[in-house]
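Just below is one structure, and these are the notes that go with it.
In this text, all values refer to a predicted model and were calculated from it rather than measured experimentally.
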Amino acid sequence: MRWTQTFMPTLRETPADAEIISHKLLLRAGIARKLTGGLYTFLPAGVRVLRKIETIVREEMNRAGALEVLMPALQPPEIWQRSGRYDTASEVFFRVKDRARKEWILGPTHEEVITTMVADELNSYRQFPRNFYQIQTKFRDEIRPRFGLMRAKEFIMKDAYSFDCTDEAAQTSYQKMYDAYSRIFKRCGLQAIPVEADTGVMGGKFSHEFVVPAESGEDEVVYSEGGRYAANVEKAACKPFEPIGTEADAALPIERFATPGVGTIDDLTCEPFGVPAWRQIKTLVYVVESKPILVLLRGDHSLNEAKLTGVLGTAKFRPATADEILELLKAHPGSLGAVGVAHVPVYADEALRNCRGMVTGANEDGWHLRHVVTDRDLSVGRWADLRTVRAGDLCPVTGEPLKLRRAIEVGHVFKLGTKYSIALNALFLDESGKQQPAFMGCYGIGITRTLQAVIEQCHDQDGILWPATIAPYTVCITPLSADPNSQVMQVAEQIYAELGASGVEVLMDDRNERPGVKFKDADLIGFPIRVGIGEKSLANGNVEVKRRGGALTAVKVGEATCAVRELLKGCLANLNLP
Ligand code: ATP
Ligand code: MG
């Protein structure tokens, strides 16, 4: 391709509303353009990158035995009603009406559609296992579309859905996708790390997110230095805490004491009280589907709502209002406690088990209780891990202090169990002729988010450093003269023809621009290899070959094609997997 024949508008200035580096480079390098918030047009260079990522994804899905399908983006609401997600997922729906005023949903995901298809088509254990995937545009009414392609209203996703006869077989399907994802991200030149992820109301153990560590990421992951533990903070656990207090503390009876003006955990840590936060019990009041519950944590710990969702089996809960709390416990936040509370279900975090000498609110403004023994004085209905892990907590696997970092989620693999197959009637006859629901898994990769995540990870001060597998072009020839009759251009044409003939995706910068502009643009867009051709080096019979971000080498004109192909091999060495 010749530069003058394609459309790669680069920008010198950084567009004002681009916040993160990958978003800036996406626009500056002419990969995409914004239509309006959350909606982007891919320009020719961007489409080339997209198609290459999609090809890698397709190859790996096919290799893993998944079958490509293409489902409608427009979905009838009835299937969402049947799966039970019409209400829970409704806030992300884009809805449209047809001429008969009937409502339709622009698909944010396709569990309901594929399960409906499978319910109709697969009836016998002989027809399993199956895994269907598609690469398609998804629509989500995100609360905060931002960061370019990272969180868009409309984006391209690869989604796959596996169907198996047993839970063990579903585990095998899950592992295949996990392995395929590892290969996909490696081949895209992206260092994406699998981390244990929250399973929400689905419960169960098997969900991993593939994340790209980045300051701009919207996810937070917890990990141990050696790499033996990594989890999304929504899911992360730590080594259990030692119980607070001593035998002597346990012998003391509860005592009420005055705490005038105390309204928070912090207030109570101050003089004259001086009760450290870890000696206090934090009492939170939530309303779950209109019924109140108490949630107890150590005063220095904080609630993880994702974990609470898993424990409650529903995400339909909210903090109680001050009025609701007053009516329920006859006190204001700051003086709340669970001692003697029998009329409200109590959920307590594991770290409070067996703690002695604790302090909690007395359910009377300005009063607290001390010498509380959790196992003696509280009627806890359910103990569970409810707290958010913090940096410095100990790793559940190795015992080392855990670390926290931000990350971008690019993919997600999830064992779904039989929720959708039961709801949507995806049943089959097993070997003994008994009807059973299929065991499902679902697997997503954000294709457009992955593209931008590569930029976020692979760039320097001059621009993008595309991995050779997904670069819009792998080689850019930069003749320093655009005059067709110049020797420079003739050599450029010769190398261009030779590289093209040997299958290299080569771009000829035939623009009549100053060398500085051409070099800057080539670096900004980030072609893996650049061949510079100028009068000076030609006088010595040389051209200049340079790997993006590497050093310049002088190569004889006659050896240029060979040298470039060797260099390209080097660029691809770690990206092409067996
Ligand atoms: P997030 O927590 O970032 O909203 P999600 O859990 O909603 O992601 P999934 O429903 O698992 O995401 O979708 C699969 C993949 O699709 C994600 O891993 C991500 O790469 C991509 N994705 C999800 N939402 C968006 C979006 N609004 N814009 C671009 N890509 C997205
Ligand atoms: Mg989301």
Problem set entry | Check: R405 and Y223 side chains under 4.5 Å, non-hydrogen atoms | yes
Problem set entry | Other residues, nucleotides, ligands: >12 heavy atoms within 6.0 Å of K176 NZ | no
Report, one line per pair, each donor and acceptor closer than 3.5 Å where one atom sits in a side chain of residues 212-221; sequence neighbours left out.
residue : atom : partner : partner atom : Å
S216    : OG   : E456    : OE2          : 3.1
E218    : OE1  : R151    : NE           : 2.9
E218    : OE1  : R151    : NH2          : 3.4
E218    : OE2  : R146    : NE           : 3.1
E218    : OE2  : R146    : NH2          : 2.9
D219    : OD2  : N232    : ND2          : 3.2

For this session: With sequence neighbours excluded, give me every side chain to side chain donor-acceptor pair (under 3.5 Å) pair touching residues 38-47.
Result: H23-Y40
Problem set entry | R99: side-chain contact (heavy atoms from CB on, under 4.5 Å) partners, not counting sequence neighbours | none
For this session: Kindly indicate whether the side chain of M150, heavy atoms from C-beta on, has any atom under 4.5 Å from the side chain of I20.
Result: yes
Exercise. Is there a side-chain contact between L149 and R449 (heavy atoms, below 4.5 Å)?
Worked result: no
Exercise. If you look only at pairs with a residue in residues 492-510, which of them pass as a salt bridge (Lys or Arg N to Asp or Glu O under 4.0 Å), with sequence neighbours excluded?
Worked result: R2-E493, R48-E505, K52-E505, D509-R511
Exercise. Can you tell me if N576 uses its side chain to pair, donor with acceptor, with the backbone of T469 under 3.5 Å?
Worked result: no
Exercise. How many angstroms lie between CZ in R548 and CG in D462, if you round to the nearest 0.5 Å?
Worked result: 5.5 Å
Problem set entry | Flag if over 12 foreign heavy atoms under 6.0 Å of CZ, R318 | yes
Problem set entry | Check: V531 and V555 side chains under 4.5 Å, non-hydrogen atoms | no
Exercise. Quick one: which of V475, L507, L552 gives a side chain to side chain contact (heavy atoms under 4.5 Å, CB included) with R530?
Worked result: L552
Problem set entry | side-chain hydrogen bond (donor to acceptor under 3.5 Å, both in side chains) involving R187 - partner list, sequence neighbours excluded | E59, E60
Exercise. Counting N and O atoms only, with roles assigned by atom type, does the side chain of E54 sit under 3.5 Å from a partner on the main chain of I447, one being a donor and the other an acceptor?
Worked result: no
For this session: Would you confirm whether N542, through its side chain, and L538, through its main-chain N or O, come within 3.5 Å as a donor-acceptor pair?
Result: no
Exercise. Closest heavy-atom contact between S421 and M440?
Worked result: N-SD, 3.9 Å
Exercise. Can you find a heavy atom in the side chain of D198 that is under 4.5 Å from one in the side chain of S207?
Worked result: no
Problem set entry | Ring-ring centroid check F414 Y443, cutoff 6.0 Å | no
Exercise. Could you give the distance from OH (Y178) to CZ (F206), rounded to the nearest 0.5 Å?
Worked result: 11.0 Å
For this session: Might you confirm whether atom CZ of R144 has over 12 heavy atoms from other residues, nucleotides or ligands at distances under 6.0 Å?
Result: no
Exercise. Does K536 NZ have over 12 foreign heavy atoms under 6.0 Å away?
Worked result: no
Exercise. Got a sec, which pairs hit ring pair (Phe, Tyr, Trp, His ring centres under 6.0 Å) with one end in residues 43-80, sequence neighbours left out?
Worked result: W80-F93
Exercise. Hey, are the side chains of K546 and T553 touching, using non-hydrogen atoms and a 4.5 Å cut-off?
Worked result: no
Exercise. Going from CZ on F185 to CD1 on I56, what distance comes out if it is rounded to the nearest 0.5 angstrom?
Worked result: 11.0 Å
For this session: Could you list all the salt bridge (Lys or Arg N to Asp or Glu O under 4.0 Å) pairs where at least one residue sits in residues 27-36, not counting sequence neighbours?
Result: D17-K34
Problem set entry | Those residues that, when tested against K316, pass salt bridge (Lys or Arg N to Asp or Glu O under 4.0 Å) (two or more places apart) | none
Exercise. Do we see a donor-acceptor contact under 3.5 Å between the side chains of S22 and Q452?
Worked result: yes
Exercise. Going by heavy atoms in the side chains, are V410 and I445 under 4.5 Å from each other?
Worked result: no
Exercise. Do S182 and F210 come within less than 4.5 Å of each other through their side chains, counting heavy atoms only?
Worked result: yes
Problem set entry | Exam field: side chain T388 to backbone L303, donor-acceptor pair closer than 3.5 Å | yes
Exercise. Which residues satisfy the side-chain contact (heavy atoms from CB on, under 4.5 Å) test with D159, sequence neighbours excluded?
Worked result: H110, Q134, K138, M157, Y161
Problem set entry | More than 12 heavy atoms from other groups under 6.0 Å of CG on L577 | yes
For this session: Indicate yes or no for a side-chain donor-acceptor contact from D523 to the backbone of G526 under 3.5 Å, with no hydrogens or angles considered.
Result: no
Exercise. Do H208 and Y181 get their side chains close enough for a donor-acceptor pair, meaning under 3.5 Å?
Worked result: no
Exercise. Quick one: salt bridge (Lys or Arg N to Asp or Glu O under 4.0 Å) pairs with a partner in residues 81-96, sequence neighbours left out?
Worked result: R85-E111, R85-E112, R95-E103
Problem set entry | Sequence neighbours excluded - ring pair (Phe, Tyr, Trp, His ring centres under 6.0 Å) pairs with any residue from residues 508-538 | none
For this session: Hey, could you give me each pair passing salt bridge (Lys or Arg N to Asp or Glu O under 4.0 Å) that has a residue in residues 554-568? Not counting sequence neighbours.
Result: E566-K569
Exercise. When you look at CD of E535, are more than 12 heavy atoms from neighbouring residues, nucleotides or ligands closer to it than 6.0 Å?
Worked result: no
For this session: Using the six-membered ring of F94, assess whether NZ or CZ of R140 lies under 6.0 Å from its centre and within 45 degrees of the ring axis.
Result: no
